[in-house]
Amino acid sequence: MSEINKLKIFNDPIYGFITIPNALIYDLIQHPYFQRLRRISQMGLSYLVYPGANHTRFHHALGCMHIMQKAVETLRFKGVSISKEEENALYIAILLHDIGHGPFSHAMEKSIVEDVHHESISLLFMKQLNLEFEGQLSLAIQVFKGEYHRKFMLQLISSQLDMDRMDYLKRDSFYSGVAEGNVNSERLIQMMNVVDDVLVIEEKGIYSVEKFLMSRRLMYWQAYLHKTSLVAELILTKVLKRAKELTQKGIVLPCSEPLMFFMQNKITFETFDSENLNLFSQLDDFDIISALKSWQNQEDFILSSLSKMIINRDLLKIKLTEEKTSSEELNELKERFALENNISLAEANYFIFKGKIKNQAYSKEAEPIRILKKDKTIEDVVDASDQLNLKSLSKSVTKYYICFPKQLV
């Protein structure tokens with residue numbers, strides 16, 4: 001296939017036309033590891049709340065690469081030297097930053113592939129691809145790991161104002177219809193600059209940064225931490241945990257081979273070899289949904305009840321409160337439910353549980369968003385802003401939840 005044939009364009013509802021910058025990027029996009037992202041939803045089970053939120057991680061990764069192209073263009077225009085190799089490393093790193101996500105994103109990390117973070121799996125995928133592409137991803141991996149000496153390159157990929165956040169806020173807002181999340185990524189990119197190899201935003205872009213942080217806070221409460229999305233993801237985590245528990249007791253459950261493998265074996269980061277990575281790359285949302293459809297009819301009361309809840313969108317009730325739920329209240333609900341359904345208290349834990357969620361739009365502990373003032377001094381956005389809102393946005397807000405079956409109301 002000629003190089004020319006690889007310079008394709010995608011039509012994106014957010015940015016219009018997205019161009020593939022070179023043949024290597026085309027080949028990475030064509031790779032089965034990357035194509036799998038077409039089958040992984042970007043917002044997990046949020047479509048149970050927002051019916052339009054059916055877009056995928058494939059979509060998001062291309063969007064990130066597109067705005068990274070805009071960022072490189074802007075920085076070069078302002079006199080920041082970025083070599084061809086560095087430019088390519090930025091495109092590869094942002095394109096592959098989410099490649100390690102499992103089906104329905106975070107539910108897998110807490111149940112089947114235990115305690116292996118998706119970023120660690122992304123890195124494993126990058127290393128594997130680097131072998132296949134004969135070392136052409138080495139610089140991208142260095143940047144992704146934060147080992148490259150030019151700090152701003154990592155900030156463009158992973159920071160409090162990176163291409164990833166700029167794309168997902170705009171994209172998730174568009175597809176969910178939650179208008180409050182819509183950020184002006186074009187304006188933010190135009191305001192970027194680099195001083196001493198560190199990313200800064202010019203002072204006249206401060207209002208766009210404030211709007212970006214406010215949008216992030218609102219998107220978390222209205223979309224990512226929406227109580228129905230939250231309870232659906234918690235139920236999915238419980239289903240997968242139960243399925244794994246039954247499988248390890250020797251009960252054979254109908255599901256795809258890759259899913260069966262991860263349910264039969266305890267896979268940690270240390271044991272995640274290339275064979276396991278290959279099996280992981282065959283897992284997507286479809287494995288989970290088809291398993292849930294089969295598990296609805298299993299004899300096990302817990303597995304079938306929880307699977308039905310997701311398939312039929314008849315979820316547990318969830319209550320959000322400012323205060324923690326008392327253990328007495330929780331135990332009383334468990335005892336009632338166990339008695340009514342002839343199950344043990346341990347089994348009732350699958351249906352009645354509590355926890356907490358946190359929302360912090362801006363962290364003072366993490367790498368700050370730096371504002372370049374007109375007098376060339378640099379200040380943290382919270383100190384540079386005249387908005388009292390930003391002070392409160394950097395405070396962490398915690399809410400407590402309790403989930404239980406509707407019939408216990």
Side-chain angles (χ1 to χ4, degrees), residues 10 28-48 50-65 95-114 116-126 128-129 132 164 167-168 171-172 175-176 224 229 232-244 247 253-265 267 272-296 303 306-307 310-311 313:
F10 288 95
L28 285 169
I29 290 171
Q30 281 295 87
H31 195 283
Y33 287 170
F34 192 80
Q35 287 293 320
R36 160 184 168 271
L37 296 181
R38 289 182 184 271
R39 303 184 300 279
I40 303 238
S41 61
Q42 170 70 13
M43 286 179 74
L45 290 161
S46 293
Y47 64 82
L48 293 175
Y50 299 109
N54 272 310
H55 55 304
T56 64
R57 295 220 166 250
F58 180 85
H59 229 149
H60 162 62
L62 289 178
C64 290
M65 181 194 71
L95 189 70
L96 304 180
H97 77 282
D98 265 351
I99 200 169
H101 266 290
F104 293 112
S105 304
H106 304 285
M108 284 292 286
E109 288 174 32
K110 301 186 185 90
S111 52
I112 289 199
V113 186
E114 288 164 64
V116 187
H117 198 261
H118 68 266
E119 281 180 9
S120 310
I121 303 176
S122 292
L123 196 54
L124 293 172
F125 272 125
M126 284 183 178
Q128 187 61 36
L129 287 166
E132 288 182 35
D164 174 33
D167 182 81
Y168 78 60
R171 190 169 297 280
D172 296 351
Y175 281 96
S176 63
Y224 311 130
S229 311
E233 190 170 301
L234 291 165
I235 294 169
L236 181 57
T237 308
K238 300 269 180 196
V239 175
L240 295 170
K241 270 202 161 118
R242 182 60 174 177
K244 189 163 187 169
T247 305
L253 296 174
C255 67
S256 69
E257 279 176 41
L259 186 55
M260 179 59 77
F261 173 81
F262 284 99
M263 292 202 305
Q264 285 173 337
N265 300 284
I267 304 295
F272 218 110
D273 56 22
S274 59
E275 207 173 308
N276 294 347
L277 189 68
N278 214 26
L279 278 163
F280 184 85
S281 77
Q282 292 167 45
L283 275 178
D284 55 50
D285 291 4
F286 294 90
D287 295 76
I288 305 294
I289 292 291
S290 62
L292 292 175
K293 285 168 73 179
S294 301
W295 296 347
Q296 293 179 101
L303 189 68
L306 294 175
S307 298
I310 294 179
I311 294 294
R313 199 198 177 278

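Just so you know, these numbers use all the heavy atoms, side chains as well, and skip hydrogens, waters and symmetry mates. Index from 1, following the sequence.
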Exercise. Does a side-chain heavy-atom distance below 4.5 Å link S281 with F125?
Worked result: yes

For this session: Please answer whether the main-chain N or O of F286 pairs with a side-chain N or O of D284 as donor and acceptor at a distance below 3.5 Å.
Result: yes

Problem set entry | Those residues that, when tested against R38, pass salt bridge (Lys or Arg N to Asp or Glu O under 4.0 Å) (two or more places apart) | none

Exercise. Is the backbone N or O of L259 less than 3.5 Å from a side-chain atom of D287, with the two atoms forming a donor-acceptor pair by type?
Worked result: no

Exercise. Which residues satisfy the salt bridge (Lys or Arg N to Asp or Glu O under 4.0 Å) test with R57, sequence neighbours excluded?
Worked result: D98

Exercise. Would you call the rings of F58 and F34 parallel, tilted or perpendicular, where under 30° means parallel and over 60° means perpendicular?
Worked result: tilted

For this session: Could I get the full list of salt bridge (Lys or Arg N to Asp or Glu O under 4.0 Å) partners for D164, not counting sequence neighbours?
Result: none

For this session: Could you check if a side-chain atom of T56 sits within less than 4.5 angstrom of a side-chain atom of L37, using non-hydrogen atoms only?
Result: no

Exercise. If you look only at pairs with a residue in residues 253-263, which of them pass as a salt bridge (charged side-chain N to carboxylate O under 4.0 Å, His left out), with sequence neighbours excluded?
Worked result: none

Exercise. Heavy-atom distance under 4.5 Å between the side chains of L124 and F272, does that happen here?
Worked result: yes

For this session: Evaluate the side-chain proximity of W295 to L306: yes if any heavy-atom separation is below 4.5 Å, no if none is.
Result: no

Exercise. Can you find a heavy atom in the side chain of Y175 that is under 4.5 Å from one in the side chain of Y50?
Worked result: no

Seminar exercise, completed: By side chain to side chain donor-acceptor pair (under 3.5 Å), E132 pairs with (sequence neighbours left out) H31

Exercise. How would you list, by chain and number, every residue that makes a side chain to side chain donor-acceptor pair (under 3.5 Å) with Y47, sequence neighbours excluded?
Worked result: none

Exercise. With distance as the sole criterion, is a donor-acceptor pair present between the side chains of D172 and Y224 under 3.5 Å?
Worked result: yes

